[in-house]
Amino acid sequence: MKVNFWLLDVNQEVVDGLPEIRIWGLNENGKRILLIDKNFKPYFYVLPKKEEDVNILAEKIKSELPDVVNVLVEEKKYFGKLVKAIKVILKTLEKIEYNVKNLTKNPLVKEILHDDLRYSSLYLIEQELKPCGWHKVEAEKTSLNQPIKVDEVYLVKGKPEAYEKLDLPPLKLLAFSAIYHTKIGSPNPDRDPILVISTVNNNGETKVFEAKNSNDKGLIEEFVGYIQSFDPDVIVGYNSNRVDWSYLLQRSKKNGVKLSVDRIGEEPHTSVYGHVSVVGRLNIDLLDLAEDFPEVKVKTLENFASFLGIKEEPPTKILETEIHRYWEDKEKRSLLVKFCEYRAMLTKKVSDFMLNFVFQLANLIGIPADFVCAAAVGFRVDWYLIRKALAFGELVPKRVEQSFYPYKGGMVLEPKPGLHEDIAVLDFSAMYPNLMVKYNLSPDTYLKPEEKIEEFYVAPEVNHRFRKEPPGFYKQVLLELMEARKNIQKQMAKLKSENQIYRILDARQRSIKVITNATYGYCGWRGARWFVSEVAEATAAWGRKTIMEAISLAKKHGLEVIYGDTDSVFVKYDEKKIERFLEDVRGSIGLEIRPEVVYRRILFTEAKKRYAGLLPDGRIDVVGLEVARGDWCEAAKQVQEKVLEMVLREVKPEKAVEYVKNYTEKLRSGVSELEPFIIWKTITKPVRDYQVKAPHVEAAKKLIRAGWNLTVGDKVGYVIVKGEGKLYEKAVPYLMAKPEQLDTNYYVENQIIPAALRILEMFGVKKEQLGSLKSKDLTRFFG
DNA sequence: GCAAATATCCTACCG
DNA sequence: ACCGGTAGGATATTTGCG
């Protein structure tokens, strides 16, 4: 019989020593199904050192190595070159490692490939199965003797076939949030129980599980029981991969409870990319997705939700340090529970915004959704290319850390400082991808210096050569991506934006854009499987040539160029001239350049990559300046923003001077809250590895000493307090400081005034006018 | 011997 | 654990000065 299904998750099992693939899905009737495929055999490729040895080697492998089912000599491509490869098909997964080790020592063997690709991922790719997409397959009903949480189990008989259908099946989703007990520092699962877990499902039903007398055994059992009875397809949390699942596992172990939350009655386990796998369900950590939004500086659930436009205030604001007091106070405990419910509800709402994109990204990349969320951009591109490579008959290179030389990147023009009126920003659309297509820049088209052929492109400055024909791997992939995106946009144009299909299409085109734009960065990444530095270097070189040509054309058309960065030119707005210029660029450069925005007024300092402009709708765009940064305190950023408003909207710098002066005077008299003065910085390496004593590192050490878990990548929020000595001696985690301790002088002199002066010094303003007490002349007298 | 000048470290931004 | 180009704060080290 034909079975249709939407692919949720996939995993591999070994039954009686033989590997099998398990596909978890939903069918068109909304039933949960499991498909078991026993037909796919593990394999790897062997490349001989000398092509003439291929048959001897193949024979040898077949006769001498254990577990080999079959050996095929195939014509493949490797970095575009035709090669003879031996496909070694095995009966089990067990002997792969042994055989690979054995062959590595064989003098006839040059390289072994595909043994580093997971069996279940290879299956998805080889069978052309796409996660979060619809397929049909010939299968027959079967049953398993282990208890499995699905409506039907099938044995796969044929090759699955994808079909186009955009609608999602009726997925059951469960969002959860947990609160842990602790008196000092971070909660420790060895010591501190789980106090509350709250869940919200996609029907809006809320559940709360509470510890009884600080014993969380019952809580865990009830939580597990609820997951089993609600039986979600998707579980979402926030920071669940790193924190909640491991905490739950450790508390379960301590309580002698089995955390069987998956569909086969087993416990969650950590998988690749730090992702926690729950068999048969998608376990999605929304924090992984927050990493894709650089606008969100401190990645709390609340900040992420607020960025997405979810305006929900917490019932009570509870700091981490206050949790145990709320719990121990019988009257306040309900507030803590409400707070947990609020976080679960926020998690659910964030998932409503994100899931379409997640599903479309998984569908495009071709690996399960929970997997794709946890993978960094480089690995997403990697998996996309692996799938394309197999379709093109290309062998997949291994991921090896390559030696690496820095190379020249994009070109940035010196801005013309000051205020300018009516400035148009014109930029090349998808410059790097288009250059890669235009000049066929790809790992397989790169010509080494000794290679002699007739038709090639030569990159400017760096002189790398690339064959014109045939179209390279990157070119084919990029053309396909760009074409697909155009088609989707055409379909979208026919629909209304509130239509569900429109939203899915939008998510799909966004996921395509992400991969397209990451391809250049990927090709220059030394960890990339298809890393050839010359490709990245040539792309950047062509980029520089292109923008320089655009600049000289702009000048030829009488346009005054104010600034430019990589793929953009900022020119004085003149409709007629710009029109002729754009036309000329299309004709003589052959790439499309588009008007992006016309700023009514724009301010440049002498610095590159930093400016602020007044948009036609009255809003202000701030680029690169302190307002756009996460490592300046909120107060300084707000002052700078106010200053920019007065300068750009009203052109009244003197008004801004008054404002800043009043502000600093008031600030010097003390503050009542710390929040606007917290400075957030990331800990980028283990604290003992730092070569200098930096304020944020000293603050981090204080937190660690107080029992907080701080790991690389975490942000530390600190304030500067009054006292003697170096700045780093006065940096204190904000949780450990009181408003009256704040070193207001530091904030005036080193935060507010520099941020304001950055703008106002363009108008000849001196820091003394803003209330600074520090000046070179004065220190000479008094110092 | 000290302060100014310069170098280095560090983070976060732009495209 | 995607690239290079860039700014700017703070600390560390060197230089200049009889």
Side-chain angles (χ1 to χ4, degrees), chain A residues 272-274 291-292 294-295 297-298 374-382 384-385 399 401 404-415 425 427-432 514-531 533 535-537 539-541 543-544 547 563-570 596 605-611 621-633 636 679-685 689-698 712-713 715-716 720 725-731 746 749-751 754-755 757-758 776 779-780 783:
Chain A
V272 275
Y273 309 133
E291 306 291 349
D292 296 344
E295 300 93 331
K297 309 291 177 189
V298 183
V377 178
F379 294 107
R380 292 177 187 170
V381 177
D382 233 18
Y384 182 75
L385 292 178
R399 203 177 86 82
E401 197 78 357
F404 167 82
Y405 316 92
Y407 67 92
K408 259 176 97 178
M411 194 176 69
V412 190
L413 297 192
E414 211 63 65
V425 181
D427 53 34
F428 284 96
S429 32
M431 187 204 243
Y432 284 160
V514 167
I515 297 304
T516 310
N517 290 344
T519 307
Y520 159 72
Y522 172 87
C523 80
W525 173 41
R526 71 185 97 168
R529 288 175 187 269
W530 282 274
F531 169 74
S533 62
V535 176
E537 208 176 341
T539 307
R544 293 191 296 276
I547 197 70
Y563 177 64
D565 184 350
T566 312
D567 62 353
S568 64
V569 276
F570 291 51
E596 176 74 27
T605 66
E606 269 137 26
K608 296 170 172 179
K609 297 189 182 277
R610 313 185 115 216
Y611 55 87
D621 235 2
V622 185
V623 179
L625 294 163
E626 283 71 8
V627 169
R629 298 182 63 98
D631 58 350
W632 284 73
C633 74
I679 299 164
W680 292 93
K681 276 200 168 85
T682 310
I683 295 296
T684 60
K685 51 188 160 193
D689 290 359
Y690 280 87
Q691 299 183 35
V692 292
K693 294 205 168 202
H696 72 295
V697 182
E698 294 308 301
V712 172
K715 275 206 156 69
V716 177
I720 300 299
K726 294 279 194 186
L727 191 64
Y728 61 77
E729 296 172 278
K730 306 197 292 172
Y746 168 82
E749 302 286 353
N750 297 52
Q751 288 274 321
L757 204 59
R758 190 94 52 225
K776 282 186 180 173
T779 43
R780 223 166 259 166

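The sequence lines fix the lettering, A, B, ..., with proteins before strands; numbering per chain opens at 1. Side chains are part of it too, since the values below use all heavy atoms of this structure and drop only hydrogens, waters and symmetry mates.
A/Ala536 comes within 4.0 angstrom of nothing in the nucleic acid, heavy atoms only. Using a 4.0 Å heavy-atom distance criterion, A/Gly378 is classed as a sugar-phosphate-only contact. In this structure, A/Tyr432 reaches neither bases nor backbone, as no heavy-atom distance under 4.0 Å exists between it and the strands shown. Residue contacts for A/Gly409: at a heavy-atom cut-off of 4.0 Å it reaches the sugar-phosphate backbone alone, with no base atom in range. The residue A/Phe428 sits apart from the nucleic acid: no heavy atom pair falls under 4.0 Å.
Residue A/Lys685 contributes atom NZ, which lies 15 Å from atom C1' of B/dA12 at whole-angstrom precision. Atom CD in A/Glu295 sits about 14 Å away from atom C1' in B/dA12, given to the nearest Å. In this structure, A/Asp565 places its CG atom 18 Å from P of C/dC3, rounding to the nearest Å. Computed from coordinates, the A/Asp621 CG to B/dC13 C1' distance equals 15 Å when rounded to whole Å. Distance OH (A/Tyr522) to P (C/dG4): 16 Å, rounded to an integer number of Å. Following rounding to the nearest Å, A/Lys408 (NZ) and C/dG4 (C1') show an atom-to-atom distance of 12 Å. To the nearest angstrom, C1' of B/dT11 lies 16 Å from NZ of A/Lys609. As a whole-Å value, the separation of A/Glu596 CD from B/dG15 C1' is 11 Å.
An OP1 or OP2 oxygen of B/dG15 is reached within less than 4.0 angstrom by no side-chain nitrogen or oxygen of A/Ser568. When the side-chain nitrogen and oxygen atoms of A/Lys297 are compared with OP1 and OP2 of B/dC13, one or more of them lie within a distance under 4.0 Å. A sub-4.0 Å separation between OP1 or OP2 of C/dG4 and a side-chain N or O of A/Thr566 is absent. Within the structure, every side-chain polar atom (N or O) of A/His696 is placed at least 4.0 Å from both OP1 and OP2 of B/dC10. Using a 4.0 Å cut-off, some side-chain N or O of A/Tyr611 falls inside it from OP1 or OP2 of B/dG15.
Take A/Arg529 and apply the side-chain contact (heavy atoms from CB on, under 4.5 Å) test, not counting sequence neighbours, and it matches A/Asp116, A/Leu117, A/Asp382, A/Ile386, A/Val396, A/Pro397, A/Arg399, A/Tyr522. With sequence neighbours excluded, the residues that form a side-chain hydrogen bond (donor to acceptor under 3.5 Å, both in side chains) with A/Tyr407 are A/Tyr520. Listed by chain and number, the residues in a side-chain contact (heavy atoms from CB on, under 4.5 Å) with A/Thr516 are A/Pro433, A/Leu478, A/Leu481, A/Met482, A/Ile512 (sequence neighbours excluded). With sequence neighbours excluded, no residue satisfies ring-ring contact (aromatic ring centres under 6.0 Å, His included) with A/Tyr746. For the side-chain hydrogen bond (donor to acceptor under 3.5 Å, both in side chains) test, no residue two or more places apart in sequence or in another chain qualifies with A/Asp567. Partners of A/Glu749 under the side-chain hydrogen bond (donor to acceptor under 3.5 Å, both in side chains) rule, at least two apart in sequence or in another chain, are A/Arg668, A/Ser772. Residues satisfying the side-chain hydrogen bond (donor to acceptor under 3.5 Å, both in side chains) criterion with A/Tyr728, sequence neighbours excluded, are absent altogether.
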### salt bridge (Lys or Arg N to Asp or Glu O under 4.0 Å) between A/Lys693 and A/Glu729, worked out
CA-CA 9 Å; A/Lys693 294 205 168 202; A/Glu729 296 172 278; over 6 Å; no

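For A/Phe404 and A/Trp525, the ring centers sit 6.0 Å or farther from each other.
Of the N and O atoms on the side chains of A/Thr519 and A/Tyr384, not one donor lies less than 3.5 Å from an acceptor on the other residue.
In this structure, of C/dG4, B/dT11, C/dT6, it is B/dT11 that holds the atom nearest to the side chain of A/Thr682. Distances were taken from every side-chain heavy atom of A/Ala376 (C-beta onward) to each of C/dA1, C/dG5, B/dC14; the shortest belongs to C/dA1.
Axis angle, first five pairs versus last five pairs of the helix from B/dG1-C/dC17 to B/dG15-C/dC3: 30°, rounded to 10°.
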So which protein N/O to nucleotides 8-11 of chain C N/O distances come out below 3.5 Å?
from	atom 1	to	atom 2	distance (Å)
C/dG8	OP1	A/Arg610	NH1	3.2
C/dG9	OP1	A/Arg758	NH2	2.9
C/dA10	OP1	A/Tyr746	OH	2.8
C/dA10	OP2	A/Asn750	ND2	3.3
C/dT11	OP1	A/Tyr728	N	3.3

